[in-house]
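Each chain gets a letter, A, B and so on, in the order its sequence line appears, and its residues count up from 1. The analysis underlying the following values was restricted to heavy atoms, covering all of them including side chains, and did not include hydrogens, waters or symmetry mates.
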Number of protein chains: 2
Amino acid sequence: MVEPGRRPTIADIAREVGVTKGAVSFALNGRPGVSADTRARILAAAERLGWRPSTVARSLSNLRSGSVGLVVTRPRSLLGVEPFYMRLIAGLERALHADGRSLLLAVTDHPGDAAEIYRAWWSERRVDGLVLTDLRTDDPRLAAVTDLGIPTVALGAPGPLPGLSTVTGDDGPTLRAALDHLAGLGHHRIARVSGPAGFAHAARRHAEFAAAHRTLFGTDPRQAHTRYVADQVLAATRELLDDPEPPTAVVYDSDLMAVTVVGSAAELGVRVPADLAVLAWDDSPLCELVRPRVSAFAHDVDADGATAVSLLIEQLRTGTPGHAELSPRTLTVRGSTAG
Amino acid sequence: MVEPGRRPTIADIAREVGVTKGAVSFALNGRPGVSADTRARILAAAERLGWRPSTVARSLSNLRSGSVGLVVTRPRSLLGVEPFYMRLIAGLERALHADGRSLLLAVTDHPGDAAEIYRAWWSERRVDGLVLTDLRTDDPRLAAVTDLGIPTVALGAPGPLPGLSTVTGDDGPTLRAALDHLAGLGHHRIARVSGPAGFAHAARRHAEFAAAHRTLFGTDPRQAHTRYVADQVLAATRELLDDPEPPTAVVYDSDLMAVTVVGSAAELGVRVPADLAVLAWDDSPLCELVRPRVSAFAHDVDADGATAVSLLIEQLRTGTPGHAELSPRTLTVRGSTAG
DNA sequence: CTGAAAGCGCTTACAG
DNA sequence: CTGAAAGCGCTTACAG
């Protein structure tokens, strides 16, 4: 008998069926070592009592927490509007949930805190592994996870990293496709506004865009680095437009950046797309909020999150990091780059 | 000696200092029962070894998980663009983190799943309590958490609920302020587009807006219920505008709704604010993305999350649910309701 | 194949 | 004030 309110344990089942707790554990975990008849009676009792395994008890035995950690190190003000993070979190949670795991989340405005949080999580045995995003050039977090030996997957890493699982992507083809699309519309002064150079992905795209531009036009493109904040994006754009030979098209490093510019076109003194074509890296419903709607390169955040999770789970099982590709980016043409 | 890679436990500290594990536990938790000298030596050893408590071990002893659960039951497609959820999650995480707790998150497209997830979390001892949002009229989750006896705080509940902590707000004054603001600009045909009637907050605001409108104008206002999806919001707006005496101002139930309408004003055949003034419930940077910028009633999501968390923690400690008020809403006037 | 026992890393009621 | 021991709910190596 289990008094109401108390949640049943394997001891209750064992008493009910008249076997040991060990036998119950074997039966419930589908391991050999218990007769078919006993197993059936144990499963029936578990069902009848409404037994579910205690996650913490199992974790303590396993020395595994069942959780995967993600530290989002972006300003809170950005988090609300930049759709990427919510989508990433939802995607990771879905993939982890499907494997009976959960996501441990921390949000901090200060990037330097991340390594400290990892250290605490690891020593408190809160996480079995980590998902890293927004890798920086010379990222201090890499040393931290390597030193501590935390199984980790780096999502969107520029390339394979020693000891980590990585989900990498080659942005070159996408950036060439961006240039091709715009050049096909008659543009030949095509600039780019990039995220902060401190981000590995921004630095890499910066270099790859330059290379693609040189191949196509034989010259270096104009590119600006800026933070993902509205007024700085507008300032960077204004500076590009102040050039004696201003660009007629700009590729932005996020959908939010591009949407901000299209929304503020009048203040910038340009018409989109007549004076300035605008193309976004990353797509989201934000791109459909402004007029003209914003052309964008979409990628499948859910799929990339699932890829990262499966690599990490595999690494937890085998001890060996794995590598995979980001989902490809596909262009959706809308009004902001109309012909 | 603790071999490298292995994380130290209180047994290591006990051996190092030459006392029992119990003494170590008392010392580390600041409880009486150990001499000042021993305590100091224990703390020093813990520091030297880099000891941190194992969360799962502590949870198993305490029979408390240290986690609070949130199930977000909105379509994933909405989650990316609607800033509220990411802000709520970040706010809850911050408040919980400050208390050494963590947020367990699940995202599901299907509202019916939530009660099932609560049940699983509870029986697996994954959570100590829950945060409920987006209460529905006759919400099946209420019966579930009451039956199971899960400590729960309902954020944005219409009023006190038996057995639950609640953070409630009176929307009446805000809706009257909305009408006053618009009437002050000369509007007297003021409609409202509301979220689905199934949501308790939408139903309540619907009724309170009607009451406020009757008080001010002596007539019932036109109001429409719609899902938080772009085309349905536009359809509802179009229907209002098709009236022989169309409204000259509309109050929308979210910033995203209002921004969608302002972004699509041309398709709707209206100029904002000349033909149609637009006012949003909830503020976010989205409101600054379109032109004209959208006037909105802001509230402090972070503060409300912190309030919910502190009520829940108090309830976990005392067993008694508490009640508090939502942060007040403040109007930011922008171009969409310019004079 | 089966069962009794130890162990995961903590906390705490209880006896000296 | 101090210490030895049992317990939280599982898993699993080991002996019958």
Whether A:His201 and A:Phe199 hold their rings parallel, tilted or perpendicular, with breakpoints at 30° and 60°:
parallel
Could you tell me which nucleotide pairs with D:dA13 by Watson-Crick or G-U wobble geometry, both distances under 3.5 Å, or answer none if nothing does?
none
Between A:Arg64 (CZ) and D:dC10 (P), how many Å, whole number?
16 Å
Would you say A:Asn29 reaches D:dT11's phosphate, i.e. side-chain N/O to OP1/OP2 under 4.0 Å?
yes
Gap between atoms CZ and P, on B:Arg39 and D:dG3 respectively (whole Å):
13 Å
A:Ser35 side chain near C:dT2 phosphate (N/O to OP1/OP2, under 4.0 Å):
yes
Any A:Arg58 side-chain N or O less than 4.0 Å from OP1/OP2 of D:dT11:
yes
In terms of side-chain heavy atoms of B:Leu63, which of C:dT2, D:dG9, C:dT11 is nearest?
D:dG9
Return the minimal non-hydrogen interatomic distance between B:His323 and B:Leu164, and the atom names on each side.
CE1-O, 3.5 Å
What is the nucleic acid contact for B:Val24, judged by heavy atoms within less than 4.0 Å: base, sugar-phosphate only, or nothing?
nothing
Which nucleotide wins on minimum distance to the side chain of A:Asn62, given the candidates C:dT12, D:dA4, D:dT11?
D:dT11
Classify the side chain of B:Ser61 and the base of D:dG7 as holding, or not holding, a donor-acceptor pair under 3.5 Å.
yes
Once you round it to whole Å, what is the distance between P of D:dC8 and CZ of B:Arg126?
22 Å
Under the criterion side-chain hydrogen bond (donor to acceptor under 3.5 Å, both in side chains), I'd like the reasoning laid out for B:Asp113 against B:Tyr118: C-alpha separation, chi angles, the key distance, then a yes or no.
CA-CA 9 Å; B:Asp113 294 347; B:Tyr118 296 154; over 6 Å; no
Closest nucleotide among C:dT11, D:dG3, C:dG9 to the B:Ile10 side chain:
C:dT11
Can you figure out which of D:dG9, C:dT12, D:dT12 approaches the side chain of B:Arg125 most closely?
D:dG9
Assert: residue with more 5' nearest nucleotide on DNA chain D, out of B:Val19 and A:Lys21, is B:Val19
Show the nearest heavy-atom pair for residues B:Trp122 and B:Pro151, with the distance to one decimal.
CH2-CD, 3.8 Å
To the nearest angstrom, how far is B:Arg31 atom CZ from D:dG3 atom P?
16 Å
Rounded to whole Å, please give me the gap between CZ in B:Phe26 and P in C:dC14.
12 Å
Report the C-alpha separation of A:Ser67 and A:Ser102 in whole Å, then their side-chain angles, then the decisive distance to 0.1 Å, and conclude whether the side-chain hydrogen bond (donor to acceptor under 3.5 Å, both in side chains) test is met.
CA-CA 5 Å; A:Ser67 294; A:Ser102 54; 3.2 Å; yes
For D:dA4, the Watson-Crick or wobble partner whose two distances fall under 3.5 Å
none
Classify B:Arg52 by what it touches in the nucleic acid, base, sugar-phosphate, or nothing, heavy-atom distance under 4.0 Å.
sugar-phosphate
Could you tell me how far apart B:Leu28 (CG) and C:dC10 (C1') are, to the nearest whole angstrom?
11 Å
Figure out the CD1/P separation between A:Ile13 and D:dT11, and round it to whole Å.
11 Å
Return the minimal non-hydrogen interatomic distance between B:Ala144 and B:Arg119, and the atom names on each side.
CB-NH2, 4.4 Å
Distance, rounded to the nearest Å, where A:Leu49 contributes CG and D:dG9 contributes P
14 Å
For a quick test of reading the model: is some side-chain N or O of A:Ser25 closer than 4.0 Å to OP1 or OP2 of D:dC10?
no
